[in-house]
Each structure stands twice: as C-alpha cells, then as structure tokens.
Amino acid sequence: MPLFVTGLSHKNAPVALREQLAVEEDKLRELLQDLQAGDVLREVVVLSTCNRVEIYGVADAPGEARALAFRSLCRHRGVDLGTVEPLLYTHLEADAVRHAFRVSASLDSMMIGEPQILGQVKDAFGLAQACETVGPQLHQLFSQAFSVAKRVRTETEIARHAVSVSFAAVELAKKIFDGLSGRAVLLVGAGKMSELAAKHLVEQGAFPIYVANRTWGRAQDLARALSGTAVPWDELSTALAAVDIVVTSTGASEPVITRAAVTRIMHGRRGRPLFFIDIAVPRDVETGVDGLDDVYRYDIDDLKQVVDANLRERAREAHRAETLVEREVAKFMARQGDVEVIPTIVSLRARLEEIRLGEVRKTLARLPDAPPETRAAIDALSTAIVNKILHAPITKLRESSRAGASRSWLDLVHELFGLGRRP
C-alpha cells in the first residue's frame, strides 16, 4: 500500500499561515483519531512544528487521503481549505521516504543541521503510536528515518559548525580558552542576542555570570534569569578585571569600554586572557583594544564572517549527507519491495510444495518395495526440480518490486500458478 506525505513548510508557505495550522498536542490527538476513523487512511502521523505541517500516511488512494487529511486539519483549525490547497506538496513512495529522511536529518530545515527537528519528529511519531495510528509501514519508515538522521550527524560534520552569531562567539571563546568550564562571564547591556550568547556559554560550563546594565532593574532581572549576579554600572571596571569573557550589547552611541580602561585592568591579570564579544551596533568596545597583549575582540562583522564560512562548510557537508540519504532510500525501497512480494513467494512455494508432495506420494505408492535410498533420491529430485522452477519467477518478482513495477508481475504469478486472489 502506497506511502505518502503531504503538507507545507517554510519553503512554500508564509509564517502567518503556518501559525494558523499549527496544532497543539491535545488537539493533535483528536485530529489523528478523526483521520483514521474512516477507511481512507490505514496509518497516519502528523508533524506540526513552527516551520512545517505535514501528514505522513499509508493509503490505497493517496490523493483522496491528502484531501481528507487537510480538509480535517483545516476544519480543526478554522482555516479556509482554499487558501491551503494550492500550497500543498505531496510525495509518494520513494519520494515520500526521501522526504522523511531529509526532514529527520535536518536537510530540509530552514537552518540546515539544526538539532531540534529530530526531536520534534520523534515526538510526533511517539504521539501517533500512543494514539494507535502507526502500523508496520510507518513504523519501519520512521525507525529508519531516525537511524539515517543519526548517521548524518555522526558521519558528516553538518551540525558541527556554528551558524548563529551568538553560538559562533561561544565557539571562538572555546578555542581561546581551551574549554569554558569555570570561566567567568560579564554581560554589559541586556540585549536579547547577548542573553542568548550567555545562555550558550552557561551550557558550555561558564560560571559565574555577572550582568551590568545602566538600568539596575533590568540588570537584576537578567542576572536572576541566568542564575548570575547584577553589577552596578559604576563598578564596571572592577567587574572587567575579574572575568574572562565579556559580552557587550548596549544601545550606546559611543564605546563604553575603552582601550585605556582595558590597559589599566590588564596589568593586574598577569597574562590571563580577556575575550570581548561585541554584538552591539554601534560597537561597545573600542577598536584598538585587540592590539593589547592577551586581549581578543570580535565584533558583529567578525562573527558574521565566521557564520558565513560555517554556512559554506555546512553546505559542503550537506552534499555528503544527501548522498548518504539516497543510499538509504534505495535500501529502504528494496526492503519494502521484498516485503510486498514475500506473501506471493510464500504462497507460490507452498503451492508447488503441495504439488510435489502429492506426486511423490503417488510415485512411492507404485514402488512399495523401494528401499530408503530410492525414496530419499526421489524426494531430493522432486525438491530440486521445484527449486529450479521457482528460481525464475521469484527472481523476477524481486527485481520488478525493487524497480517499482511489481504489481503486474504479482497478478501474473497468481494467475499462472492458481494462487487465488492476491492480498
């Protein structure tokens, strides 16, 4: 029975429409049950994220199943089906398998290599399992998709290179300090991007965290969110002397950290490096600072160059990942083909074995005095003949199935050998 996927994503649908179609988990349970209540969809999984809404299914008539699925989804969400239908894509069989593998491996993501999508796919699959809408085909599809995603992450470096400014800054800090465990961080200003950089730093083991901001209340709020300590603005120089990493993101029109100030604090640091991540525009850290010994400064343009280089590297790794996916799609379709023809092969073997045993019994009945050696030879001879007869049709069934053309051959074998109606 055909596999299919239908849906829309960040590639072809605006965020406003994706927001309208996004389904919360409790409503997703209702939708899954509604979709399988009829006879159109045998198996179904719904993937709903901020960047895509997709329905994976198994159905005799994928076109009818697609219409039913999105008609139900639009009814649940109160969205006009007419605005959705022109944007929908549908992939069948091998194309559906390829799409599932690419989505799980984050090759179809807005940011190639991002790790969140695999967890989201696993959650969608787990929910469908809990709702008992997953059967053998989707179970095999998603199990293999998870395996492919893992191989893409372990066998390529698609997720290794930082592709956000805040994370690129953290990667640079790791190189400068050979690890961030126990490194003290000072946030100067409380911008969103600096907060995100600080969170990345904390995840890598940086601690303690200090926050200095002209607005004392904002400094306290951010320090509390990061389990850090707020620092009064007029004590900025003292805080600079005590930390290893400084992330700046103020709205000041001129630098708030000057070369002269950094020169003064470096005398007492005894060669201990100081790393500035200046995410502000205009810049917060005076440009001459990085001319001082053991002082490193990266501004937004420096970090953007790192990100661009890493994006190019991810693109190269994505080519390797796509090759891996194609190999896995071919293997999956070959196994699917074998699964499709196995019932017919079993029936064919059983039918010929039935004939063989009947003829052997007749022959041995006419030879009541035949010794055991003769009886064994007759049995072996008849078995060999059956195997020879079976070889050609079984080989043809498997080859046609792997080529995606098994249906006519299955019907022909059933008719020629009197196997009855094909399941």
Interatomic distance, T383 atom OG1 to N387 atom CG [nearest 0.5 angstrom]
6.5 Å
Sequence-distant partners of S382, side-chain hydrogen bond (donor to acceptor under 3.5 Å, both in side chains), two or more places apart:
R356
Member of D302, D308, D301 meeting the side-chain hydrogen bond (donor to acceptor under 3.5 Å, both in side chains) criterion with K304:
D308
Does any pair with a residue in residues 272-290 pass side chain to side chain donor-acceptor pair (under 3.5 Å), and if so which ones, sequence neighbours excluded?
D244-R272, T248-D278, T250-D284, R283-D299, D290-R297
Who passes side-chain contact (heavy atoms from CB on, under 4.5 Å) against D123, sequence neighbours left out?
none
Ionic contact status for R98 with D95, cut-off 4.0 Å
yes
Quick test of your reading of the model: are K199 and E203 salt-bridged, counting only N-O distances below 4.0 Å?
no
Got a salt bridge between E24 and R77, using NZ or NE/NH1/NH2 to carboxylate O under 4.0 Å?
yes
Pair E155 + R151, salt bridge at N-O below 4.0 Å
yes
With rounding to the nearest 0.5 Å, note down the distance linking OH in Y89 to CZ in R66.
11.0 Å
Please determine if E359 and K362 form a salt bridge, counting it only when a charged side-chain N lies under 4.0 Å from a carboxylate O.
yes
Taking the side chain as C-beta and beyond, is there a heavy-atom pair between I245 and F177 under 4.5 Å?
yes
Are the side chains of V97 and M333 in contact, using a 4.5 Å heavy-atom criterion?
yes
Student check: side-chain heavy atoms of D34 and H76 closer than 4.5 Å:
yes
Would you please classify the geometry between the F275 ring and the Y298 ring as parallel, tilted or perpendicular, with 30° and 60° separating the classes?
perpendicular
